[in-house]
Amino acid sequence: MKNIKFCFGRSKTWLIIAAVIACSFSSCQKNLLDKQPLSALSDASFWKSASDAKLALAGVYNSGAGYTGYNFWAGTSMVNLDLMAGDGSEKESIPDHFTDGTLNASYGFVGSYYSGAYNQITKCNNFLDHIDGVTMDATAKNVMIGEVRTIRAYNYFNLALYFGNIPLIQHVQTVEQSNSNTQTNQAGVYAFCETELKAAAVLMPPSVSDSQQGHMTAASALAILGRLQMAEKKWTDAAQSYQTIINFGYYVIDPRYRELFLNAGELSHEVIMSMQYIQNTYSHSLLQYLTPETWGGWHQYSPFNELVQDYECMDGSTIDKSPLYDKNNPYNNRDPRLDFTVMINNRTKFRGASYSSDPGTNKPDRLDEYPGVWSGYAIYKFLEDDPTLGNVSNDGNNFPIIRYAEVLLGYLESQLESGAPITQSLLDQTINKVRGRAAVKMPAVTTTDKDALRTIIRRERHIEFAFEGLRYYDCLRWGIIGSENNRQFTGMKLTNSPSTYTQFPVDANGFYLYKKRAFIIGKNELWPIPQSEIQINPNLKQNPGY
């Protein structure tokens, strides 16, 4: 049975109390902070003991369960980031509206990412403003401080990455103060995050016991730091951050792949940082979105065929070069991670039945059930095989945010871009460990040519981390977010005779012509500051073009 995470205790009551405390300590509740109510917790009466600090820490970690809004933690939010980056769409076209040229400052989902991050930052600031007054073991207190500083830096890094110049708030504010903040430029926010993450890593242990899994660690802080340094192209620094994690000797590449995203893989030593959930107590709705209608879900997401085509053939060659690729049977002889990640028509088996999207049938997931809405593919990653462990309305599976595979691939890329020598030994200790896990067994990479290896690393990251929330980040820092979205996207294979096929529009290879995007280069690389924020704070400046 799964342990209760984040010091929540072992009952639903403690979770509810943690959520109430998190809300009570919001900086927006000015009256609560100014008074000492007799019937509710207040800052003046709460911050006394180690148990108070633990409960407050639980509130910091609480970023929402169930059908929570968009933030940089929830599985639905992370999946959508990859869809925005050219990996797919969904029923309400949310990712399309971010990257098809129509994005505006009033779009509610932009505001959700923004406010979700600041809500958690407020809880972090409140914790850090009060923790020094708590009487408890100094070492345990410092670990908690490290965890909260890491969570705050993670949110600030993402805000700066996607929004650019943002308010950098480090203490609890009154409503008047919060409505008059100015912005710190992106570089300044990055510098703050770098300092915070380095300081936090020193305060925390490299890893935690299984019963404490989900807490931030030194590895969590350093892995976020590595992401930040790669975004800044500080390649030598990023390599050092990743090397430190490698030197811990605790984290490994799990021989499994699909199980890493199910209940069975939650305690894997490949997982460095994850969003924690508990069935029946603190569950989430990702399976409702992912599950095809055949099994009672919404089939909300539709991968693009362009992602599918990026998976190599089993000989390690791309589909345009491999003799194993059969254009009439394009899903055969492919990297096993394709079948672990994407549901394919009449190929994928789930809970005793086949996934079918054939048009012109009465199947619930047929392509033409909602014309123009589905690609014919669905997301298989994260779908729990055992319905008793996770179902559409009650799933407790954790969502991995950082895995050790990212550390190894990030280390290799940083070494490559820093100009360090690339040897077969380095390849074997990094990318070939990821590709060589027992469930995948893809051929080893042997080229040390810089340009060729760069292409391989980028493709490896694309397919290894599909739908885990890394693709948009990667496309931004590589400068390809525009080219990845300025194109016609395709869906499932519909015919081997495209020249005579007339039922649905198809491309020259018989793949369904699905969605088209028109990303505005020079504008859409940054999201707009939400209009609602600008209306209440005239000091905020909008990003160019919005």
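Nothing here was measured: the structure is a model prediction, and the numbers come from that model.
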Practice item. With Y113 as reference, evaluate Y162, Y472, W527 under the ring pair (Phe, Tyr, Trp, His ring centres under 6.0 Å) test and give the passing residue. Key: W527
Review point. Taking NZ, NE, NH1 and NH2 as the nitrogens, is one of them in E468 or K381 under 4.0 Å from a carboxylate oxygen of the other?
Key: yes
Point to revise | Expected output: side-chain N305 to main-chain V308 donor-acceptor under 3.5 Å | key: no
Practice item. Determine whether I401 and S274 make a side-chain contact, defined as any pair of heavy atoms from C-beta on separated by less than 4.5 Å. Key: no
Exercise for review: Please assess T490 against D507 for the test side-chain hydrogen bond (donor to acceptor under 3.5 Å, both in side chains), listing each intermediate value before the final yes or no.
Suggested key: CA-CA 8 Å; T490 56; D507 68 6; 4.6 Å; no
Practice item. Would you give the length of the straight line joining atom CD of Q488 to atom NZ of K516, rounded to the nearest 0.5 angstrom? Key: 6.0 Å
Practice item. Output yes when a side-chain donor or acceptor of T99 lies under 3.5 Å from a complementary backbone atom of M84, and no otherwise. Key: yes
Check your understanding: How are the rings of Y118 and Y156 set relative to one another: parallel (under 30°), tilted (30 to 60°) or perpendicular (over 60°)?
Key -> perpendicular
Exercise for review: Any chance you could lay out the ring-ring contact (aromatic ring centres under 6.0 Å, His included) test for Y61 and H215, step after step, and finish with the verdict?
Suggested key: CA-CA 9 Å; Y61 274 103; H215 283 270; 5.5 Å; yes
Review point. Within 45 degrees of the axis of the six-membered ring of F465 and under 6.0 Å from its centre: does R471 put its NZ or CZ there?
Key: no
Check your understanding: Which pair of heavy atoms, one from G88 and one from P95, lies closest together, and at what distance?
Key -> O-CG, 4.2 Å
**Study point:** Flag side-chain contact, heavy atom, 4.5 Å: T423 against T448
**Key:** no
Check your understanding: Can you tell me if W235 uses its side chain to pair, donor with acceptor, with the backbone of A420 under 3.5 Å?
Key -> no
**Study point:** Separation of L338 CG from R347 CZ (nearest 0.5 Å)
**Key:** 7.0 Å
Check your understanding: Under 3.5 Å, is there a donor-acceptor pair between the side chain of Q424 and the main chain of V445?
Key -> yes
Review point. Below 4.0 angstrom, N of the basic side chain to O of the carboxylate: do D385 and R351 qualify?
Key: no
**Study point:** 4.5 Å side-chain heavy-atom contact, E312 and R459
**Key:** yes
Check your understanding: Mind checking whether F489 and F304 have parallel, tilted or perpendicular rings, split at 30° and 60°?
Key -> parallel
Point to revise | side chain to side chain donor-acceptor pair (under 3.5 Å) partners of R461, counting only residues at least two apart | key: D474
Check your understanding: Q120 side chain to R152 main-chain N or O, any donor-acceptor pair under 3.5 Å?
Key -> no
Check your understanding: Only one of D100, D96, N524 clears side chain to side chain donor-acceptor pair (under 3.5 Å) with R517; which?
Key -> D96
Exercise for review: Dump the intermediate steps for side chain to side chain contact (heavy atoms under 4.5 Å, CB included) on F519 and S483, then the final yes or no.
Suggested key: CA-CA 8 Å; F519 186 96; S483 59; over 6 Å; no
Review point. Taking the side chain as C-beta and beyond, is there a heavy-atom pair between I481 and E525 under 4.5 Å?
Key: yes
Exercise for review: For R454, enumerate each residue passing the salt bridge (Lys or Arg N to Asp or Glu O under 4.0 Å) test, keeping only those at least two apart in sequence or located in another chain.
Suggested key: E417, D451
Review point. With side chains defined as the heavy atoms from C-beta onward, is the minimum distance between P292 and Y355 less than 4.5 Å?
Key: yes
Review point. Would you call M442 and P336 a side-chain contact if the rule is heavy atoms closer than 4.5 Å?
Key: yes
Practice item. Decide yes or no for V189 and L159: does some side-chain heavy atom of the first lie under 4.5 Å from some side-chain heavy atom of the second? Key: no
Point to revise | Residue pair R227 / L470, side-chain heavy-atom distance below 4.5 Å | key: yes
Point to revise | Side-chain donor or acceptor of N543 paired with backbone N/O of F163 under 3.5 Å | key: yes
Practice item. Kindly indicate whether a cation-pi arrangement holds for R256 with F261, taking the cut-offs as under 6.0 Å to the six-membered ring centre and within 45° of the axis. Key: no
Check your understanding: Taking it one step at a time, do D386 and T388 satisfy side-chain hydrogen bond (donor to acceptor under 3.5 Å, both in side chains)?
Key -> CA-CA 5 Å; D386 185 346; T388 66; 2.7 Å; yes
Review point. Under 4.0 Å between a Lys/Arg side-chain N and an Asp/Glu carboxylate O for D254 and R437?
Key: no
Practice item. State whether the number of non-hydrogen atoms from other residues, nucleotides or ligands found under 6.0 Å of K441 atom NZ is greater than 12. Key: no
Review point. Which pair of heavy atoms, one from N397 and one from Y277, lies closest together, and at what distance?
Key: O-CD1, 3.4 Å
Study note, to complete from the structure: Contacts of R337 meeting side chain to side chain donor-acceptor pair (under 3.5 Å) (sequence neighbours excluded), chain-then-number -> D335, E460, E464
Review point. Does K493 make a cation-pi contact with F511 (under 6.0 Å, within 45 degrees of the axis)?
Key: yes
**Study point:** Considering all heavy atoms, the nearest V271-G265 contact
**Key:** CG2-O, 4.2 Å
Check your understanding: Taking D395 for the side chain and L287 for the main chain, is one N or O donor matched with an acceptor at less than 3.5 Å?
Key -> no
Revision key, fill the gap. Separation between CG (D82) and CZ (F467), nearest 0.5 Å, reads 7.0 Å
Point to revise | Distance (rounded to the nearest 0.5 Å) between L408 CG and E270 CD | key: 8.5 Å
Check your understanding: Is N71 reaching over with its side chain to a backbone N or O of S63, donor-acceptor style, under 3.5 angstrom?
Key -> yes
Check your understanding: Side chains of S322 and D315: is there a donor and an acceptor less than 3.5 Å apart?
Key -> yes
Point to revise | Backbone of P303 reached by a side-chain donor or acceptor of S375 within 3.5 Å | key: yes
Review point. What heavy-atom pair brings Y301 and N80 nearest, and what distance separates the two atoms?
Key: OH-ND2, 3.5 Å
Review point. For the side chain of N155 and the backbone of I121, is there at least one donor-acceptor N/O pair under 3.5 Å apart?
Key: no
Revision key, fill the gap. So CG of L526 and CD1 of I166: to nearest 0.5 Å the spacing works out to 11.0 Å
Point to revise | Qualifying side chain to side chain donor-acceptor pair (under 3.5 Å) pairs with a residue from residues 238-251, counting only residues at least two apart or across chains | key: Q229-S241, Q240-T244, Q243-N247, Q243-Y411, Y250-H269
**Study point:** Pairing residues for E147 by the salt bridge (Lys or Arg N to Asp or Glu O under 4.0 Å) criterion, not counting sequence neighbours
**Key:** none
**Study point:** Partner residues of E194 under the salt bridge (Lys or Arg N to Asp or Glu O under 4.0 Å) criterion, sequence neighbours left out
**Key:** K198, K234
